[in-house]
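Scroll down for the structure; my scribbles are underneath it.
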Amino acid sequence: MFNIKTKIKSIFLELPIGSTITVMGWVRTFRNNQFISLNDGSTIQNLQLYLPLGSFDDSICKRLTTSSSIKATGELISSQGKGQEIELKVEKLEILGDSPADLYPLQPKKHNLEFLREQAHLRMRTNTFGSVFRIRHELAFAIHSYFHQRGFLYWHTPIITSSDAEGAGEMFRVTTLPPTGASTLPDGSLDFNADFFGKQTHLTVSGQLEGELAAMAFGEIYTFGPTFRAENSNTTRHLAEFWMVEPEMAFYDLEDNMDLAESFIKSIIQQVLSQGREDLQFLEQRLIDEEMQLPADKRSPYTLIQKLELVRDTPFVRISYTEAVNILIQSNPYKKKKFAYDIQWGMDLQSEHERYLVEKHFKQPVIVYNYPKEIKAFYMRQNTDGKTVAAMDILAPGIGEIVGGSQREERYDMLLSRMNQLQIPHQQLHWYLDTRRFGTVPHAGFGLGFERMVQFVTGMSNIRDVIPFPRTPKSALY
RNA sequence: UCCUCAGUAGCUCAGUUGGUUAGAGCAUCUGACUGUUAAUCAGAGGGUCACUGGUUCAAGUCCAGUCUGAGGAGCCA
C-alpha cells in the first residue's frame, strides 16, 4: 500500500507538526550520516529527514546515496538546524531502490545543461528541470482551462495527414513500405498504392486547416497537440517535434483575434505567477546567478518575475507592418548600418529587426499586423489595399515570434484565385474550399508554439531544455 | 543548410615555441569524524587526449577529412 504517503508539497503547506507521517521520494543528499534531503517531485522544496546517530544500521546508511528511493515514517518536528524550519524524525526507514553511487551519473552539484541534455532520462530529478517541467505542466493546464472557461471546444486534429499542400515546411513521411525492395512505378518512383493508407502520408505540420473545419461547426475551438517539421533547423528555438496550440474562431476579425491572443497570453502567465511561484523564484535566482558572469550592461533590466508581471499588466504594443518598417528605417542601427540585412517595404522582417523592435525600441511584446501578402500564406485574408493580408505576429523579448495568426480568407473566389496564383493544387484541399462554399463566415485563428511559451516563462535559453525528450536534427535520444 | 567555436578522467577544466611516465578541483572507493545544509578531514584508484589519415626523430599540441556538440543565420512556432 503506497497511498498512505504524504506529498512533501502538502507537508510544507500544512506544517502538521507533531503528527506521524510517511513520505516516499528520492534522496538528494545524505549529510553527516544523519540528514537526508528528500525530494518527491511534488515541489522544489526538499524535506529534511533526521536519522538520530546510531538509530539505523550502517548497512542501511551506506545505501542512502544520491537518487536512491526510500520510504520513511516518523514524527514531524521543528528543526534544530538553521536551514529549515521542520524535519521528519525518522522511526521507520525502508530503501525501495538502490542507486549505486559509483554508477549514477548526476552529482549533487551544478552540471551544465548540455551534459544534462544527454541524461534526459534523469535530468528531471534536478532542481532546474524539476521546476521547468512543473511549470510546463502548469502552463498546459492553464491553456486548457482558459479555453474551456470561454466555451472553446478542445478539438483533436489528425497527426497523420495525407494533404501535402499545407506549405508549412518539410514533412516526415509516414510509411509501412519496407526500407528496401518496395515496389516502384514504371518511372522509378515508389508505388504508394502499396503503402498502408494507399497513398503518401505525413506527420502533421499544423492542425489549422482541420481546425477551421471545426470552427465552422462549433464556433470556437482550439487544438493542442504534437506537430512535426523535418526542417534542418539548428537553433535554440526549433524542434522537429513540438507542441502547438491553435485556436480557430468563427465570427472573428483580425482585431478580435489580437484581443484574444493578448488576453490568452496574459491569462496563462497570471496562472503560472500564482500557481508556480516557488519554481519561478528558483528559476529567477538561477538566471540572476548566470547573469552575474556577464558585464553589467548585458544583464537584463528585469528579473524573470518582473518580466512576466510586466507582460501581464501592460497592453501589448500593436503596430502595422508598414509602421514597423518605418520605425526600423529611422532607427540608429539602421542609420549606422549595423543591421546585416536591409529593410524595405515588402521584405520579411529578419530576427535582428524583430529583436530591435521588441528588445530595444518597445521593450515589451509587440503585435505586428497587416503584412505584405507576398510573404504570407495563401489562406490569409486579403485587405482592401490589395497589397497586404490580415496577418499578425506576436514577438516576445528573447524568443522572437511566439504567436503567428491571421484572419482567414472566407471569400471563395478570393481564396481560389490566391491558390491559383501560388499554384496550390485545390483538388487535395477540396474539403477546405467546401467551408467557403457552404455557409462561410469571417473567421480567424492563431498558433502558439507551446515550447516557446515555456521558454519565455521559465527563461530557459534553449528550447531543448523545456521539452522532456527533445527531437532535433541528428538527435533523438531516449 | 551556411558561418564561427569546441571535443583531454564520471563532471568542470589546465596542459607553454611539438620534447621524459598527461595534471588539478569535484565525484567515486577506503578510513576518520558527527546537528549537517552541494557536510568536513586524510589517503587511494581512475585516461583509446572524439575518430581516420598525414607531416615529423618525436603529436594532446601542427595539417586534412569525418563525426558530435554549442552559438549565430536562414526556415518558422
Side-chain angles (χ1 to χ4, degrees), chain A residues 27-37 46-54 58 61-62 65-66 77-84 87 89 100-119 126-127 166-170 204-208 224-246 261 339-341 348-355 375-377 393-396 399-405 446-456 461-467 470 472-475 477:
Chain A
V27 172
R28 284 289 173 81
T29 61
F30 179 43
R31 294 183 295 264
N32 222 1
N33 258 344
Q34 294 174 87
F35 302 99
I36 297 170
S37 199
N46 299 326
L47 180 67
Q48 173 156 295
L49 309 187
Y50 170 44
L51 279 53
L53 266 184
D58 254 18
C61 293
K62 279 211 160 38
T65 53
T66 302
I77 58 174
S78 50
S79 176
Q80 294 174 31
K82 278 185 181 158
Q84 60 285 316
E87 63 194 20
K89 188 177 178 188
D102 53 338
L103 301 178
Y104 185 65
L106 305 186
Q107 302 161 25
K109 71 162 207 180
K110 239 190 164 106
H111 288 289
N112 70 32
L113 298 173
E114 288 156 44
F115 171 71
L116 290 170
R117 228 168 271 158
E118 289 164 13
Q119 311 291 332
T126 64
N127 284 334
E166 291 169 24
E170 293 295 310
T204 182
V205 292
S206 165
Q208 180 200 317
F224 187 173
T227 310
F228 307 87
R229 304 268 168 95
E231 303 282 352
N232 193 5
S233 296
N234 295 286
T235 76
T236 53
R237 55 191 189 284
H238 286 87
L239 291 164
E241 175 182 291
F242 63 101
W243 289 67
M244 190 151 63
V245 182
E246 294 180 290
F339 287 136
Y341 290 84
D348 212 350
L349 301 180
Q350 301 294 319
S351 291
E352 57 179 356
H353 305 144
E354 296 180 351
R355 292 181 90 108
I375 58 172
K376 288 291 180 183
D393 287 350
I394 301 185
L395 311 177
I399 313 284
E401 184 177 344
I402 198 165
V403 161
F446 62 85
L448 171 101
F450 181 59
E451 281 76 18
R452 289 191 183 172
M453 191 68 208
V454 180
Q455 266 188 286
F456 182 74
S461 55
N462 194 314
I463 200 165
R464 293 159 213 162
D465 297 328
V466 300
I467 188 168
T472 52
K474 302 272 181 260
S475 172
L477 299 165

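Every chain is numbered from 1 and lettered A, B, ... according to where its sequence line falls, protein lines coming before strand lines.
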Go through B:C76, B:C75, B:A73 for me and flag the one nearest to the A:Arg355 side chain. B:A73
Could you write out each protein N or O paired with an N or O of nucleotides 67-70 of chain B at a distance under 3.5 Å?
unit_1	atom_1	unit_2	atom_2	d
B:G69	OP1	A:Lys474	O	3.4
B:A70	OP1	A:Arg117	NH1	2.9
B:A70	OP1	A:Arg464	NH1	2.6
B:A70	OP2	A:Arg464	NH1	3.0

Partner of B:A50 by Watson-Crick or G-U wobble geometry, both contacts under 3.5 Å, or none? B:U66
Between B:A59 and B:U17, how far is it from one C1' atom to the other, in whole Å? 14 Å
Please report, rounded to the nearest Å, how far the P atom of B:G71 is from the NE2 atom of A:His238. 14 Å
Which part of the nucleic acid, if any, lies within contact of A:Val403, taking any heavy atom under 4.0 Å across all strands shown: a base, the sugar-phosphate backbone alone, or nothing? sugar-phosphate
Base paired to B:A22 (Watson-Crick or G-U; both N/O distances under 3.5 angstrom): none
Just N and O in the side chain of A:Arg237: are any of them under 4.0 Å from OP1 or OP2 of B:A73? yes
Determine the contact category for A:Tyr50: base if any of its heavy atoms lies under 4.0 Å from a base atom, sugar-phosphate if only primed atoms, P, OP1 or OP2 are that close, otherwise nothing. base
Is a donor-acceptor contact shorter than 3.5 angstrom present between the side chain of A:Asn112 and the base of B:U12? no
CZ/A:Phe30 to CG/A:Leu51 distance, rounded to the nearest 0.5 angstrom? 5.5 Å
Looking at A:Gln48 and B:U36, is any side-chain donor or acceptor paired with a base atom of the opposite kind under 3.5 Å? yes
Is the A:Phe35 ring parallel, tilted or perpendicular to the A:Tyr50 ring (thresholds 30°, 60°)? parallel
Using the C1' atom as the point on both nucleotides, what is the distance between B:C67 and B:G53, in whole Å? 15 Å
Partner of B:C33 by Watson-Crick or G-U wobble geometry, both contacts under 3.5 Å, or none? none
Could you measure between the two C1' atoms, the one in B:C13 and the one in B:G47, and give it in whole Å? 15 Å
Within the distance-only criterion (no hydrogens, no angle test), does the side chain of A:Gln455 pair as donor or acceptor with the backbone N or O of A:Ser461 below 3.5 angstrom? yes
Taking the side chain from A:Glu451 and the backbone from A:Trp243, do they hold a donor-acceptor pair closer than 3.5 Å? yes
Is A:Glu231 reaching over with its side chain to a backbone N or O of A:Glu170, donor-acceptor style, under 3.5 angstrom? yes
Would you kindly check whether a donor in the side chain of A:His111 faces an acceptor in the base of B:C11, or vice versa, at under 3.5 angstrom? no
Tell me: CG of A:Leu53 to C1' of B:U40, nearest whole Å? 14 Å
Let's test this: given Watson-Crick or G-U wobble pairing with both distances under 3.5 Å, identify the partner of B:A58. none
Taking only the C1' atom of each, what is the distance from B:U68 to B:A50 in whole angstrom? 8 Å
Considering only NZ, NE, NH1 and NH2 on the basic side and carboxylate oxygens on the acidic side, decide whether A:Asp393 and A:Lys376 come within less than 4.0 Å. yes
Checking N1-N3 plus N6-O4 or O6-N4 for Watson-Crick, or N1-O2 and O6-N3 for wobble, each under 3.5 Å, the partner of B:U28 is B:A44
Any N/O donor-acceptor pair, A:Ser233 side-chain to B:C75 base, under 3.5 Å: yes
Please check the phosphate of B:U37 (OP1 and OP2 only) for any side-chain N or O of A:Gln84 closer than 4.0 Å. no
Side chains of A:Arg28 and A:Asn127: donor-acceptor distance under 3.5 Å anywhere? yes
Does the A:Glu354 side chain pair with the main chain of A:Leu395, one donor and one acceptor, at a distance under 3.5 Å? no
Looking only at atom P, what distance separates B:U48 and B:G23, rounded to whole Å? 15 Å
d(CD, A:Gln455; P, B:C76) in whole Å: 18 Å
In whole Å, measure the gap between the P atoms of B:C63 and B:A70 for me. 25 Å
For A:Leu239 and A:Ser461, take the nucleotide of RNA chain B holding the closest heavy atom to each; which residue's nucleotide lies nearer the 5' end? A:Ser461
For B:U36 and A:Arg31 - does any side-chain N or O of the residue sit under 4.0 Å from the phosphate oxygens OP1/OP2? no
A:Glu87 side chain vs A:Ser79 backbone, donor-acceptor pair below 3.5 Å: no
Taking any strand in view, what nucleotide pairs with B:C2 in a Watson-Crick or G-U wobble way, both distances under 3.5 Å? B:G72
Looking at A:His353 versus A:Phe339, is the centre-to-centre ring distance below 6.0 Å? yes
So, does A:Arg464 use its side chain to make a donor-acceptor pair with the main chain of A:Thr236 at under 3.5 Å? no
Quick test: give all pairs of protein nitrogen or oxygen and nucleotides 25-28 of chain B nitrogen or oxygen below 3.5 Å, distance rounded to 0.1 Å.
unit_1	atom_1	unit_2	atom_2	d
B:A27	O4'	A:Gln107	OE1	3.4

Can you check the A:Leu116 CG to B:G10 C1' distance for me, whole Å? 13 Å
What interatomic distance, in whole Å, is found between C1' of B:U12 and the corresponding atom of B:U1? 33 Å
Side-chain N or O of A:Thr29 versus OP1/OP2 of B:A39: is the shortest distance under 4.0 Å? yes
P gap between B:A42 and B:C5, integer Å: 42 Å
Distance, rounded to the nearest Å, where A:Asn232 contributes CG and B:C76 contributes P: 15 Å
On RNA chain B, nearest-nucleotide positions of A:Ser351 versus A:Glu87: which is more 5'? A:Glu87
Hey, does A:Phe115 reach any base, or is it just sugar-phosphate, or nothing, if we go heavy atoms under 4.0 Å? sugar-phosphate
Nearest-Å distance, CD (A:Glu352) to P (B:C75)? 12 Å
Does either side chain, that of A:Thr66 or that of A:Gln107, offer a donor lying less than 3.5 Å from an acceptor on the other one? no
